[in-house]
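So the structure is just underneath, and the comments pick up after that.
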Protein chains: 2
Amino acid sequence: MKVTIRDVARAADVSVATVSRALNGTDTVSADTLEHVLKIAREMDFVPHAGARSLSLRRTDTIGVLLPDLHGEYFSELIRGLDLGARGTGHHLLLSASHGDIAEAVAALRTMRSRVDGLVVMSPFADGESVSGALSGKVPLVMIGGSEGAGARFSVDNHAGALAVTRHLLEMGHRDIAFVSGPADNVDSRERLRGYRDAHREAGIAPRPVVQGDFREDSGFEAGTLLLSNGLPDAVFAANDAMAIGCLRAFRGAGLSVPGDVAIAGFDDIPMARLIEPALTTAGIAIADMGREAIELCVAMVRGEAEAPERRLFAPTLVIRASSGAKQERAAPPSRPIREEVR
Amino acid sequence: MKVTIRDVARAADVSVATVSRALNGTDTVSADTLEHVLKIAREMDFVPHAGARSLSLRRTDTIGVLLPDLHGEYFSELIRGLDLGARGTGHHLLLSASHGDIAEAVAALRTMRSRVDGLVVMSPFADGESVSGALSGKVPLVMIGGSEGAGARFSVDNHAGALAVTRHLLEMGHRDIAFVSGPADNVDSRERLRGYRDAHREAGIAPRPVVQGDFREDSGFEAGTLLLSNGLPDAVFAANDAMAIGCLRAFRGAGLSVPGDVAIAGFDDIPMARLIEPALTTAGIAIADMGREAIELCVAMVRGEAEAPERRLFAPTLVIRASSGAKQERAAPPSRPIREEVR
DNA sequence: CCGGTTTATGTAACCGGTTACAGTCGTCAT
DNA sequence: ATGACGACTGTAACCGGTTACATAAACCGG
């Protein structure tokens, strides 16, 4: 049987109130008693029951995290940042994935709601309202990505990032640039597409039809294969790095040189992006930082230190590497990547 | 204010017991009442307080997970598997990282203990006892990796995997094979080293001195740089894929051809391994499966359906790709990777 | 029409913490 | 000497669920 605060009180020959006060330091306890109680509690290996504690304190010291997926390096980085934030603020992390299903996401939020003090939700759906609506303001909420809905919102300036990447490809002399999108209803992907189109508008060039992907690497491979048979462009801009890498694989498999025959750029700057051959030009997001700050804001909201409807926009960094090199020109790429702040 | 079961009972004009029974289906409730109560509960958006529930039920429906680190694809895959297992068994996942610090790990286990029904702990330390000792059998425990200690244990047959990889390198004609290890006190790394040495013993070849790494990619890069100046071997076997990739980067940066000038092999078969250039020969572990099964076993133990001291050994698969090709021979590698079961 | 069983529901005692409130005791200024 | 005050500690009422036990109503064969 587990040892309870009453067991400790009996062993230390004091009341439960004194034990509670000694352990939490909430009220005055004489030095002798304090020491004695702590010693007994340590000897008995007493750990207070979190459920009982949350019942009377009305807090759980836990932040819930709901992610659409856990596949690939993007989420690995994000989770790392989330853990850093939780650890830093003395909170636990309750993690769940919704696998892209809205109904499942709403169900997960329901069961999480009573176990956490606040939630960080990454909702890739255009109708983020249904997700935040499921909570109806009952729990402090920080949304990462997505568009509308209650709660604070963390987002990446997808439009600016895509604009910068596309402008860069145009400057490198590429004229026929293909865009590989994420899922049709994904807001981040849509905004990146808008940036891609605006850059074309500026340059007075009509863009190609969009190739649809789903953010997973395999869909990038398929997109690359499709482009191989449908007329190769000068360059490909994929809506994220995973698809860009898949696309690269398709091209190299067909014996093409990148960037000699076709240039490639992605979005996110996942750790892998600088390791592949050729290293990938991309719009970099400080993924882990974003996760950490999301938790920190959520905790601040729980503590009542922050306003609820705060917005935070992360500006991506244009990271120029070898994969976007000018067509034909096979000269050595710059040895160190050039980091250039967008705006 | 939150809506409680008493609020629902009042609104539905029944007792709290009836509401509880209706919601949990634990006891007979008339069809009319059942429907009526569920309707009211739905309208009021009632979510039972998890703390109160865990207090009387003595269970939390949560499994705690403690990992040494969250960096890189290995953990991304592992977490994905853990989430799959938790979702499949209807449990929540409480995630934490100990950042390699034993004291921190023990502290984390203490605070987790009262919030979970069971724990899955990945302890890379040789003295796993101190970790499992911190729990002293009070919570069902599944350890991943590590050596001794209480609880069930999931491990990879590191020795067999390393033996297979080293034999393969020897068969490819490499004689001078360097080993890049993980942290000195890491049990997995030690076992891999043992497999590497045993393969050399079989072949009657004296191995090189070990190059020490820490499982992170950067340490692989440093190891590669060291090898470049200390006399290049025929091949490098790194104790995990991340370091193998770092090493590869160092060699390519120096203008060497892999596997033409030096062959490389790793361990784990992280998703990135097949995407890099050249694709990496490695000992493959079904990382996500291991995570999922660890959770499933832990849940079975919580339910009393499984014996505590169960052991499970995962046999790695030798995955032969381009990076281990014979020295000198620059011929095209097999187009499809050859998967060959160890044993 | 009646004792016995089944079905449906309510009452209240838990689960294990926290804390308002009350009480005791010693100190000190008046 | 005494009332006020502060320091310390104990009692018991919460927090919000679950469920053993009690009770009432309905149904049954004889």
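Quick note on labels: first sequence line is chain A, next is B, and so on, each numbered from 1.
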Does the side chain of [X] reach to within under 4.5 Å of the side chain of [Y], using non-hydrogen atoms?
| X | Y | value |
| --- | --- | --- |
| P68(B) | F75(B) | yes |
| K2(A) | S114(B) | no |
| L70(B) | L84(A) | no |
| V139(B) | M112(B) | no |

Atom pair distance, as rounded to whole Å: [atom1] in [X] and [atom2] in [N]:
| X | N | atom1 | atom2 | result |
| --- | --- | --- | --- | --- |
| L55(B) | dT18(C) | CG | C1' | 13 Å |
| D7(B) | dG16(D) | CG | P | 8 Å |
| R59(B) | dG17(D) | CZ | P | 15 Å |
| R113(A) | dG17(D) | CZ | P | 12 Å |
| N24(A) | dT19(C) | CG | P | 7 Å |
| R6(A) | dT18(C) | CZ | P | 11 Å |
| H49(B) | dG17(D) | NE2 | P | 8 Å |
| L23(A) | dG16(C) | CG | P | 16 Å |

Legend entry - All ring pair (Phe, Tyr, Trp, His ring centres under 6.0 Å) counterparts of F314(B), not counting sequence neighbours: F154(B)

Considering only side-chain heavy atoms of [X], which listed nucleotide, [options], is closest?
| X | options | value |
| --- | --- | --- |
| T28(A) | dT9(D), dT18(D), dC15(D) | dT9(D) |
| I5(B) | dG17(C), dG17(D), dC15(C) | dG17(D) |
| L57(B) | dC15(D), dT18(D), dT19(C) | dT18(D) |

Legend entry - Close approaches to DNA chain D from residues 8-20 of chain B, in residue order (heavy atom, under 4.0 Å): A17(B), S20(B)

Compare side-chain N and O positions of [X] against OP1 and OP2 of [N] and report whether any pair is under 4.0 Å apart.
| X | N | answer |
| --- | --- | --- |
| T33(A) | dT9(D) | yes |
| R53(A) | dG16(C) | no |
| R58(B) | dG16(C) | yes |

Inset, instruction - Apply side-chain hydrogen bond (donor to acceptor under 3.5 Å, both in side chains) to the pair S96(B) and R87(A), showing each step before the final yes or no. - result: CA-CA 8 Å; S96(B) 188; R87(A) 177 161 301 263; 3.0 Å; yes

Inset, instruction - Please indicate whether E35(B) has more than 12 foreign heavy atoms, meaning atoms of other residues, nucleotides or ligands, lying under 6.0 Å from its CD. - result: no

Could you go through nucleotides 21-28 of chain C and list every protein N or O atom that sits under 3.5 Å from one of its N or O atoms, giving the distance for each pair?
none

Inset, instruction - Please round to 10 degrees the angle between the axis of the first five pairs and the axis of the last five pairs in the helix from dC1(C)-dG30(D) to dT30(C)-dA1(D). - result: 40°

Inset, instruction - Going by the side chain to side chain contact (heavy atoms under 4.5 Å, CB included) test, name the single residue among L297(B), V299(B), I295(B) that passes it with V120(B). - result: I295(B)

Inset, instruction - In plain terms, say whether R110(B) and D45(A) are close enough for a salt bridge, that is, a side-chain N and a carboxylate O under 4.0 Å apart. - result: yes

Inset, instruction - Tell me what S54(A) touches on the nucleic acid: a base, only sugar-phosphate, or nothing, going by heavy atoms under 4.0 Å. - result: nothing

Inset, instruction - Select base, sugar-phosphate, or nothing to describe what T4(B) touches, counting heavy atoms under 4.0 Å on all strands. - result: sugar-phosphate

Inset, instruction - Using atom types as modelled and distance alone, determine if a side-chain donor or acceptor of T62(A) lies under 3.5 Å from a backbone N or O of T60(A). - result: yes

Inset, instruction - Sequence neighbours left out, what passes side-chain contact (heavy atoms from CB on, under 4.5 Å) with T111(A)? Give chain and number order. - result: H92(B)

Inset, instruction - Can you tell me which residue pairs pass the salt bridge (Lys or Arg N to Asp or Glu O under 4.0 Å) test with a partner in residues 291-304 of chain B, sequence neighbours excluded? - result: D289(B)-R292(B), R292(B)-E296(B), E293(B)-R312(B)

